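One structure below.
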Number of protein chains: 2
Amino acid sequence: MARRPTIADVAKLAGVSRATVSFVLNNRPGVAADTQERVRSAAEELGWTPSSSARALSTGRVRAVGLVLAREPELIGTDPFFPAFMAGIETVISESGDGLMLQMSRPENEVETYRRLAADHRVDGVFLTDLRAGDPRPALVAELGLPAVAVGVPDSGAGLPSVSLDDRPAVRAAVHHLAGLGHRDIAYVAGPEEFVHARRRRQAWSDALTEAGLPEGTLLPGGFTAEGGARATRLLLQRPTPPTAIVYGNDLSATAGMAVAQDAGLRLPEDLSVVGFDDVPLASYTSPPLTTCRANPVSWGRASAQALVELIETGTTADVELEPAALVVRGSTGPAPVR
Amino acid sequence: MARRPTIADVAKLAGVSRATVSFVLNNRPGVAADTQERVRSAAEELGWTPSSSARALSTGRVRAVGLVLAREPELIGTDPFFPAFMAGIETVISESGDGLMLQMSRPENEVETYRRLAADHRVDGVFLTDLRAGDPRPALVAELGLPAVAVGVPDSGAGLPSVSLDDRPAVRAAVHHLAGLGHRDIAYVAGPEEFVHARRRRQAWSDALTEAGLPEGTLLPGGFTAEGGARATRLLLQRPTPPTAIVYGNDLSATAGMAVAQDAGLRLPEDLSVVGFDDVPLASYTSPPLTTCRANPVSWGRASAQALVELIETGTTADVELEPAALVVRGSTGPAPVR
DNA sequence: ACCGGCGTTTAAACCGGTTTGAATGAACGC
DNA sequence: GCGTTCATTCAAACCGGTTTAAACGCCGGT
């Protein structure tokens with residue numbers, strides 16, 4: 001089996017120097033048109049493509065970006081955000097032939113993972129997702145000199161550019177939607193409070209209650225999981241006066257919550273209204289269909305990738321604020337029951 | 001800002017040649033113990049880590065494996081298989097410091113994507129998932145000389161090593177379970193027939209009916225989607241004599257199907273039994289909890305990665321057959337209704 | 001005939017590792 | 001005292017690109 005051709009083979013075949021081949025390849029000006037033609041057809045004939053390692057070595061750019069998923073393994077599969085987000089990233093970086101390096105790590109090894117990614121110089125930059133309060137990563141990437149963009153949270157510190165999408169309008173809209181339906185006792189089943197986005201959604205619920213002139217609602221943790229959503233719902237329904245509506249941190253916990261309520265003999269939405277967050281593909285196909293909040297993770301990924309690429313190439317990039325999440329009303333919300 | 005140290009800096013500080021540093025780094029024999037010590041502490045002091053590009057260039061190994069996801073973007077987020085599978089891969093490759101290059105592509109660009117991955121030499125090997133009947137990829141990777149393992153299907157052709165997991169026992173068990181409950185009309189809502197695994201599951205259903213001495217059942221496409229599952233279910237329920245049990249190609253379509261049945265006023269499992277496939281996290285938290293089939297995608301990823309790494313390093317690897325999928329009985333299946 | 005300038009091309013250095021073949025020096029046997 | 005052997009170390013070539021600075025050929029102008 002013939003080894004892959006190198007730039008020298010192409011140069012020889014085209015009767016030029018390696019430098020000229022390189023110039024043509026990177027379409028630098030100053031190469032005669034007919035020479036370009038000869039080089040191109042020689043490359044074509046040999047089926048030559050530059051070796052990415054060699055190129056990386058001399059340019060100092062590896063043409064890859066990194067995404068670290070530092071969630072508990074069980075959680076990763078349940079979140080529709082990441083696949084869609086990654087698909088968005090791909091549409092951008094594959095245009096320029098760049099690659100996406102994925103690293104999964106246990107949350108406790110997260111910092112170590114970034115360090116290694118930077119030390120080995122396997123990526124030109126990284127995305128920082130799932131930012132937490134007091135997250136060490138912004139300082140870390142600054143220390144490492146690793147280009148990075150914060151996904152989802154403005155002002156993450158360390159002067160990190162961010163690409164964010166505001167969850168809150170959708171959550172507030174949900175609360176106002178429920179208030180308009182006559183609900184006065186609206187509970188919230190929250191995601192893990194260490195995530196900035198989980199906390200922000202919860203805060204939006206709380207703020208909206210105040211805006212709507214409603215009393216404070218019950219807050220329970222749901223962990224963004226099915227199990228957590230189910231447990232929280234059970235607790236809520238056991239209360240002397242259960243809420244008439246529950247807003248969940250995501251669709252997974254909402255769906256599990258719906259099942260618990262239905263098992264308890266409640267009819268949805270007549271006896272209880274439910275709102276989720278994410279608009280997973282299943283959401284339109286539950287019974288009743290789930291009222292939820294929809295963001296656009298694909299465009300989020302796209303915008304994040306554009307920002308990161310620009311940051312890598314030019315050294316700076318502007319913060320981006322995407323269109324906020326919006327409420328999608330379906331059948332799981334209805335008029336509050338009369339007591 | 002100081003540029004990253006190179007092997008030459010370490011050599012200078014330790015008072016040895018670059019070659020010696022390299023030997024120590026790769027713990028090759030023949031370096032005096034005290035020299036090793038000096039080199040190591042010099043490296044430590046400078047915080048030096050070898051540049052992966054430079055190393056890749058001289059060794060010809062880039063220390064990364066590739067995974068191409070060639071599904072429709074909408075489908076990717078709905079499948080719990082991939083995140084878990086990737087997590088399994090990670091546990092293996094991160095041990096040796098290797099990376100996972102992820103490429104997403106539209107199904108129609110799939111071949112092109114593999115070609116580029118190989119041409120740029122960005123990965124040392126790839127996983128072939130979602131194999132289809134007459135899939136061009138086994139021949140392609142053979143032509144490209146790209147190490148690859150087939151995931152999920154033995155005998156994919158071109159002498160490709162495979163890591164497979166038999167879906168069929170679980171599906172057969174499901175049918176026998178239903179038959180034991182008195183069901184005689186068991187329908188199947190299938191995934192896209194072009195996928196070998198989808199077709200194989202469907203075949204298992206069909207075979208099991210025969211084994212159980214039951215008449216042929218109705219087969220409808222469900223596309224592995226919520227929408228497809230819902231539509232197929234509606235069609236089944238409209239029939240003059242609807243089936244008393246439905247087996248679905250995956251949990252997503254099963255869950256959507258359950259919702260349709262419940263909307264139609266059926267009680268589950270009294271009026272209709274439902275079986276899914278995958279055992280997604282939500283499956284235990286639907287109402288009723290979903291009887292389904294469980295594989296182990298994490299160990300699948302692990303085994304696939306081990307096989308691929310061995311293939312890359314030694315040139316060959318044995319086929320692996322994992323523990324087959326198993327039936328998980330929950331509340332969505334029950335005795336057949338008396339007509 | 002000579003010079004300056006321009007467009008085109010190239011030799012050679014460089015990126016940061018690995019690897020080979022030879023040099024070094026100490027220990028050993030005769 | 002001298003040739004061997006062995007363990008250790010190193011200089012230099014190599015991987016396959018990019019980039020800089022210089023060389024080249026050719027033109028028109030004087």
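In what follows, every chain begins at residue 1, and chains take the letters A, B, ... in the order their sequences are listed. Here the structure is a predicted model, which is why all the values come from computation and not from measurement. Values reported hereafter were calculated over all heavy atoms of this structure, with side chains retained and with hydrogens, waters and symmetry mates removed.
What separates CG of B/L46 from C1' of C/dG16 is a distance of 15 Å, to the nearest Å. Residue A/R38 contributes atom CZ, which lies 11 Å from atom C1' of C/dT9 at whole-angstrom precision.
Residue A/T20 is classed as a base contact, given a heavy-atom separation below 4.0 Å to a base. Heavy atoms of B/T35 sit under 4.0 angstrom from primed sugar atoms or phosphate atoms, though from no base atom. Using a 4.0 Å heavy-atom criterion, one finds that A/A19 contacts the bases of the nucleic acid, with or without backbone contacts as well. Counting any heavy atom pair closer than 4.0 Å across all strands shown, B/V31 reaches sugar-phosphate atoms only and no base atom.
A close approach under 4.0 Å does not occur between any side-chain nitrogen or oxygen of B/T59 and OP1 or OP2 of C/dT18. Distances shown here put a side-chain N or O of A/S22 below 4.0 Å from the OP1 or OP2 atom of D/dT18. The side chain of B/R28 places an N or O atom within less than 4.0 Å of a non-bridging phosphate oxygen (OP1 or OP2) of C/dT19. Here A/S53 does not reach the OP1 or OP2 of D/dG16: none of its side-chain N or O atoms lies under 4.0 Å away. Under 4.0 angstrom from either OP1 or OP2 of D/dG17 there lies at least one side-chain N or O belonging to A/W48. Applying the 4.0 Å criterion to OP1 and OP2 of C/dT18, one finds that B/S58 has every side-chain N and O outside that range. Using a 4.0 Å cut-off, some side-chain N or O of B/R55 falls inside it from OP1 or OP2 of C/dT18.
Under the side-chain contact (heavy atoms from CB on, under 4.5 Å) test applied with A/L128, the options A/V151, A/V153, A/L160, A/V149 reduce to a single match, A/L160.
In plain terms, the two heavy atoms of B/I7 and B/W48 that are nearest each other are N-NE1, 3.5 Å.
The residues B/R106 and B/E112 are annotated as not salt-bridged, no charged nitrogen and carboxylate oxygen being separated by less than 4.0 angstrom.
Atom CG in A/L67 sits 5.0 Å away from atom CD1 in A/I89 (nearest 0.5 Å).
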